[in-house]
Each structure stands twice: as C-alpha cells, then as structure tokens.
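Working notes for the structure below.
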Amino acid sequence: RYGDLSRELLEKTNDSLTTLPSLDNDVVATKVKDSLKSNDVNVVECSDLERIESTRNVTKDAIANKNFSDAIVKCDELIGKILPSISLTKDQVYVIAASSPRSLAQTTVFIAAGNGILQGYATSSTTRQQGLVSLVDISPTILKFLGVAKPDVMSDTLLDWQKDGSSNEARQKFLVKINNQAITREGSLTPIMWSLVTLFSLTVLVSMIAFTRRDKFKKIARFLSLMTFTFPLVTYILQPISLSIQGPFKYVSSIVFVCLILSIFLTFIGNKYGYAKAILFFAAAYLFIQIIDIAFGGTLQFNTVFGNATI
C-alpha cells in the first residue's frame, strides 16, 4: 500500500559485481500504474541518477558524464511510460530535481503540468522570480490541490503559475540564462568577497596611518573608503552584463574598475561640496536604485553576490 523499494524494481543482470544497479523501467511503470488506481499521491524516483552521482568521485569524468546523460534519457523514458496513465485534466504532475549534480552547483529541473497549471512559468512568494521556485513551495501546493490542511510546521508559500505565450525555445533560452547567471555568481562569490575584505582591510590600515601621518594618507584613506562604500552597488549594476564577463578575474576587475570611476566622481563632488554631501548623494542614489529595482521585480539584485542567490 505504501510503496515499493524492493530489488524487484531493478534490472536483472549477471554482472552485478561490476555494474551499478539500474531501474527496470517496465517494472516501475507497471507498479506505478497499479498504484494510481488506489492512491491519490504517487512518488517515483529516478534513482539511477543518484547512484551514478554517488560514484562520481571514483569514476573518470568522461565515463561519469556519459553514465549521467544516459540515466537522464532513461528517466525521461520512464516518465513517458507513466504519463499515459495520468489524466492531466484531473491530476497534476511534477518533475523535480531536488539537488544539482555534485560536479557543478546550478539550478535544477522543475516541471509541472495538469489541472489548474497554466502553460508558462512557475514562481512563488519564496523566490518572487519568474521561472524559479523553491523546494519548500511544492508540498503545501500539493496539499492545497488535494484539499488537505497543511501542518503548522510547514510553510504556506504556494506555487503560482504565470501564463506565457512565448515559444518553448524562448522559454528554454530564458531558463538557461538564469542558470548561467547563477553559475557565474557562484564561481565569482569567493574572489569577490576576498577582494572586498582586502579592500576593507587596506582602508582600515591606511586610515590608522592617516591619524599620525601627513594629509596625503588621509586622502588615500578617504578614497579607499569610497571604493569600499560603492562596492555592493556596483555588483548590482553589473548584473545585466555578468554573462558577457567571462571568468571570476575579469568579473572582479570590472567591479574594481567601476568602483574606481565612481570613487573619482564622488571625490570630485566631495572636494567641491563637502564629503558629507557626497556620501549622502550616493546613499540617496543607492536607495533610489534599490527601490526602483524592487518595484520592477528585483532584477538587479537577482543572482548577485549581495543580492538573491538561486542556488
């Protein structure tokens, strides 16, 4: 009644000592079809993917990647065997990858179809981003569809469906772009944070020297402080072109260069109108940009080091 985790689900092989266990799609599909007759909720795991991932660290990359690709194809075939037994006018189907491959942290697959689900993009109050949902959004959504009250310990962040008439190819490109931005952010996170820590430490050091040394050290300390001050905002500003900046080194260099330009501009304003006004001017501009960005969906804060991460 509650499922099947037995070895009956696995393909029969005479080489079990050297071959990873693999699901028998025909057997699994048959058991799912039988389960659908008496159960409202059915969960099917493409466990071949997890078994291949668990051996990735002791398998050559080329072999592991091929095995993983083959397992994805096999999983797709299993879904194809099960779907004809499901009524998409009455039921809902979710295809979920709960975690990304160990070889590369990235966004994962989420597909939904069926009763009440519009063709387009999924979103939720957790992510507030078109095309992105969180794992914690799925269970309360399924319970609401079934008319079952959620437990108090479960969040009530429900999935939402945004109708979109664009082609499958256009939606695919959009989701690939989101994923690439997420990968770029993750790859640049460490060097960017180290750059900020270095800049901040240098600012403090020069500022301490400026207390006992000549005025030129005060000017350097002031300029470095402005560099540190502008750093977070620049990461937001550069978000739209982050994909065109290949590699963490170029990304960090671009951030430092833009911070340098902004700091020169603020130094000009400070020398002319006073540094208090220069800082207030930049803070007001910073706040204005953030508010406008939030009003239009938080795009600049999306997949940035100091903003929202999708991974």
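Predicted model only: the values in this text are computed from it and were never measured. Computation of the quantities below employed the complete heavy-atom set of this structure, encompassing side-chain atoms and omitting hydrogens, waters and symmetry-equivalent molecules.
No side-chain heavy atom of F268 sits under 4.5 Å from any side-chain heavy atom of I264. At least one side-chain heavy atom of C46 sits less than 4.5 Å from a side-chain heavy atom of L78.
Counting heavy atoms of neighbouring residues, nucleotides and ligands inside a 6.0 Å radius, atom CZ of F223 exceeds 12 of them. Remark: Q162 CD is packed, more than 12 non-hydrogen atoms of other residues, nucleotides or ligands lying under 6.0 Å away. Enclosure of atom CG in L5 is not indicated, since only 12 or fewer non-hydrogen atoms of other residues, nucleotides or ligands lie within 6.0 angstrom. Residue F145 places its CZ atom among more than 12 non-hydrogen atoms of other residues, nucleotides or ligands, all under 6.0 Å distant.
Distance OG1/T228 to CG/L224: 6.5 Å, rounded to 0.5 Å. With rounding to the nearest 0.5 angstrom, the CG atom of L146 is 8.0 Å from the CD atom of Q92.
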Is there a salt bridge (Lys or Arg N to Asp or Glu O under 4.0 Å) between E169 and K173? Walk through the geometry before answering.
CA-CA 6 Å; E169 182 181 3; K173 288 181 178 179; 3.7 Å; yes
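Scored by the salt bridge (charged side-chain N to carboxylate O under 4.0 Å, His left out) test, K74 finds E11, D48 as partners (sequence neighbours excluded). Scanning for salt bridge (charged side-chain N to carboxylate O under 4.0 Å, His left out) contacts around E50 gives R102, with sequence neighbours left out.
For the residue pair D160/T123, the side-chain donor-acceptor check at 3.5 Å is not satisfied.
Note: F110 and W161 have parallel aromatic rings, judged against thresholds of 30 and 60 degrees for the angle between ring planes.
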